[in-house]
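Order of appearance sets the numbers: ligands from 1, and atoms from 1 within every ligand.
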Amino acid sequence: MRYRALGRTGWQVSEVSFGAWAIGGSWGAVSDDESLAALHQAIDSGVNFIDTADVYGDGRSERLIAQVKRERREGIVVATKAGRRLAPHTADGYNAYNLNGFVEDSLRNLGADCLDLLQLHCPPTDVYYRPEVFGALDDLAKAGKIRHYGVSVERVEEALKAIEFPNVRTVQIIFNCFRQRPAELFFTEARRRGVGILARVPLASGLLSGKLTRDSRFAEDDHRNFNRHGAAFDVGETFAGVDYEVALAAVEEIRRQLPAGANMAPFALRWILMEDAVSCAIPGGKRPAQVAENCAASDMAPLSPETLAAIRRIYDATIRPLVHQRW
Ligand SMILES: NC(=O)c1ccc[n+]([C@@H]2O[C@H](COP(=O)([O-])OP(=O)(O)OC[C@H]3O[C@@H](n4cnc5c(N)ncnc54)[C@H](OP(=O)(O)O)[C@@H]3O)[C@@H](O)[C@H]2O)c1
């Protein structure tokens, strides 16, 4: 496993890290035993950074991470998120009182005195025009409740606005073979300001592992079933917002680009790691075998310029018209 600087936090994080949404919920049935095994596998593979949120299984994901932290001696940095407990989910809800309460809940779930990294959880765009929200985060840092803070965003423009606040240390954004726009302007600006980047949904919810087909079926409580058209949250979070049939055809074209002997999931992650502005990709993993396979991306040889150009052509031809100007 190779490590990269997470912006100006002072942390060197595994370039393939761990996304802990699925082990909390919204991805069909998961067993805690298997989730714990997946987390242990991640640490065995060199992962030292885990992304979670208070709402993933209503604290279940955070509590599993706390358990693994108790069972391991390795230093693990945990990034969590706040804001999605708000109902309705409004900009006004992102106030000091509510943020303090969310932080206290996460501290309890994680069994910690101080959160390593707190991210605003895809707040309404208006939040980025309210300096007082970032003032409240500065106060939480001064009070010793959080070490650093960052944002998780839906749109490139939100990311660009967020990093105008000098203490925003990280931005989490969807970046994968099917969502290439962040690399155009945002990465340059984030690098210039020393902001860390977490590439989320790196496998387009499993599509870029190459295992899904027209006949794949998803449980009722799996967002790949209930949020396929954005019924519950931003449609971009499910299959990266790409129409399923179009995506399957593009996956087959990408498959033709694989170097001999390579698997598609690590290939898709290696594509992300070709961007040096990215601090880490945070693939979700429910099972130890998936995690081990994803971590192998860090050991793969860099992709050739011809391969990168081919992925770009596939994106431009079929995916770009569906997503490029939407996020
Ligand atoms: N708003 C936000 O801030 C936000 C939103 C989304 C995600 N995130 C973060 O980003 C992380 C990653 O995104 P994601 O989990 O949505 O999507 P993802 O990483 O693109 O896909 C993860 C899913 O793909 C499947 N998978 C993983 N590795 C595989 C492999 N090697 N082979 C085959 N299948 C594999 C697993 O599901 P199955 O086995 O069930 O197919 C897994 O749950 C999340 O866990 C979360 O930490 C944040």
Handout entry: Nearest neighbour in protein (non-hydrogen) for atom 26 (N) of ligand 1
Key = Gln290 NE2, 3.6 Å

Handout entry: Shortest protein heavy-atom distance from atom 11 (C) of ligand 1, along with the residue and atom involved
Key = Ile282 O, 3.2 Å

Completion exercise
In terms of its nearest heavy atom to atom 6 (C) of ligand 1, the top option of His121, Glu237, His223 is Glu237

Fill in the blank from the handout: Candidates Arg200, Met264, Arg287; heavy atom nearest atom 7 (C) of ligand 1 found on Arg200

Practice task
Using a strict 4.0 Å threshold on nitrogen-to-oxygen distance, state whether Arg181 and Glu157 make a salt bridge.
Solution key: yes

Problem - Step-by-step side-chain hydrogen bond (donor to acceptor under 3.5 Å, both in side chains) determination, Gln12 to Arg4 - result: CA-CA 5 Å; Gln12 293 283 326; Arg4 300 185 181 194; over 6 Å; no

Fill in the blank from the handout: Closest to atom 14 (P) of ligand 1 (heavy atoms only, candidates Phe178, Trp27, Phe218, Phe239) is Trp27

Practice task
May I ask whether Val55 and Ile65 are part of the same hydrophobic cluster, defined by side-chain heavy atoms of I, L, V, M, F, W, Y residues being less than 4.5 angstrom apart, directly or through others?
Solution key: no

Practice task
Output the list of atoms in ligand 1 that are nearer than 4.0 Å to some heavy atom of Pro283, sorted by atom number.
Solution key: 19 (O)

Problem - Residue and atom name of the nearest protein heavy atom (relative to atom 3 (O) of ligand 1), distance in Å to one decimal - result: Ser152 OG, 2.7 Å

Exercise for the section: Could you tell me whether the side chain of Ser205 and the main chain of Val201 form a donor-acceptor pair under 3.5 Å? Expected result: no

Handout entry: ligand 1 contact by Glu154, heavy-atom criterion under 4.0 angstrom
Key = no

Exercise for the section: Answer with side chain, backbone, both or neither: which part of Pro266 has a heavy atom less than 4.0 angstrom from an atom of ligand 1? Expected result: neither

Practice task
Please determine if Ala22 has a nitrogen or oxygen closer than 3.5 Å to a nitrogen or oxygen of ligand 1.
Solution key: no

Handout entry: Residue, atom name and distance, where the atom is the protein heavy atom closest to atom 44 (C) of ligand 1
Key = Trp21 CB, 3.6 Å

Problem - Trp327 six-ring face occupied by Arg179 cation (under 6.0 Å, within 45°) - result: yes

Handout entry: Test: Arg130 cationic atom under 6.0 Å from Tyr94 six-membered ring centre, within 45° of axis
Key = no

Exercise for the section: Using distance alone, determine whether Gly284 and ligand 1 share an N or O pair under 3.5 Å. Expected result: yes

Problem - Residues Asp105, Arg108: salt bridge by 4.0 Å N-O rule - result: yes

Exercise for the section: May I ask you to check whether Cys122 has an N/O atom sitting below 3.5 Å from an N/O atom of ligand 1? Expected result: no

Exercise for the section: Using a 4.0 Å heavy-atom cut-off, say whether Ser205 meets ligand 1 through its side chain, its backbone, both or neither. Expected result: backbone

Handout entry: salt_bridge(Lys286, Glu34) N-O dist < 4.0 Å
Key = no

Problem - Flag, side chain of Asn294 to backbone of Pro283, donor-acceptor distance under 3.5 Å - result: no

Handout entry: Protein contact to atom 48 (C) of ligand 1 [nearest heavy atom, distance to 0.1 Å]
Key = Gln172 OE1, 3.0 Å

Practice task
Would you mind listing which atoms of ligand 1 come within a distance below 4.0 Å of any non-hydrogen atom of Lys211?
Solution key: 25 (C), 33 (C), 34 (N), 35 (C), 38 (P), 39 (O), 41 (O)

Practice task
Could you tell me whether some N/O pair between Thr52 and ligand 1 is separated by less than 3.5 angstrom?
Solution key: no

Practice task
Any chance you could lay out the side-chain hydrogen bond (donor to acceptor under 3.5 Å, both in side chains) test for Glu184 and His324, step after step, and finish with the verdict?
Solution key: CA-CA 11 Å; Glu184 280 181 359; His324 204 76; 3.0 Å; yes

Problem - Note: Arg85-Asp54 ion pair, threshold 4.0 Å (strictly below) - result: yes

Handout entry: Subset of ligand 1 atoms that lie under 4.0 Å from at least one heavy atom of Glu293
Key = 30 (C), 31 (N), 32 (N)

Exercise for the section: Considering the heavy atoms of Asp51, write down every atom of ligand 1 situated less than 4.0 Å from one of them. Expected result: 9 (C), 46 (C), 47 (O)

Completion exercise
Note: Asp222, heavy atoms under 4.0 Å from ligand 1, region reported as neither

Exercise for the section: Indicate yes or no: does Arg200 engage Glu154 in a salt bridge with an N to O separation below 4.0 Å. Expected result: yes

Exercise for the section: Return the residue, atom name and 0.1 Å-rounded distance of the protein heavy atom closest to atom 28 (N) of ligand 1. Expected result: Asn294 ND2, 3.0 Å

Exercise for the section: Give the atoms of ligand 1, by number and element, whose distance to some non-hydrogen atom of Gly206 is under 4.0 Å. Expected result: 21 (O), 24 (O)

Exercise for the section: Using a strict cut-off of 4.0 Å, indicate which atoms of ligand 1 neighbour a heavy atom of Ala20. Expected result: 45 (O), 47 (O)

Problem - Test of proximity, Val201 against ligand 1: N or O pairs below 3.5 Å - result: yes

Problem - Presence of salt bridge, Arg191 and Asp276, under 4.0 angstrom - result: yes

Handout entry: Per-atom contacts, ligand 1 versus Ser209 - under 4.0 Å to a heavy atom
Key = 32 (N), 33 (C), 34 (N)

Problem - Side-chain ion pair, Asp44 and Arg72, N-O less than 4.0 Å - result: yes

Exercise for the section: Give a yes/no on ligand 1: does Phe233 have at least one heavy atom closer than 4.0 angstrom to it? Expected result: no

Problem - salt_bridge(Glu104, Lys145) N-O dist < 4.0 Å - result: yes

Handout entry: Side-chain H-bond candidate by donor/acceptor type, Ser152 with Gln119, under 3.5 Å
Key = no

Practice task
Look at Lys142 together with Asp138 and state whether they make a salt bridge at an N to O cut-off of under 4.0 Å.
Solution key: no

Practice task
Measure the distance from atom 20 (O) of ligand 1 to every protein heavy atom, then report the residue, atom name and distance (to 0.1 Å) of the closest one.
Solution key: Leu203 N, 2.8 Å

Handout entry: Atom indices of ligand 1 within 4.0 angstrom of Arg224 heavy atoms, with elements
Key = 37 (O), 38 (P), 40 (O), 41 (O)

Problem - Short N or O distance, Gly19 and ligand 1, threshold 3.5 Å exclusive - result: yes

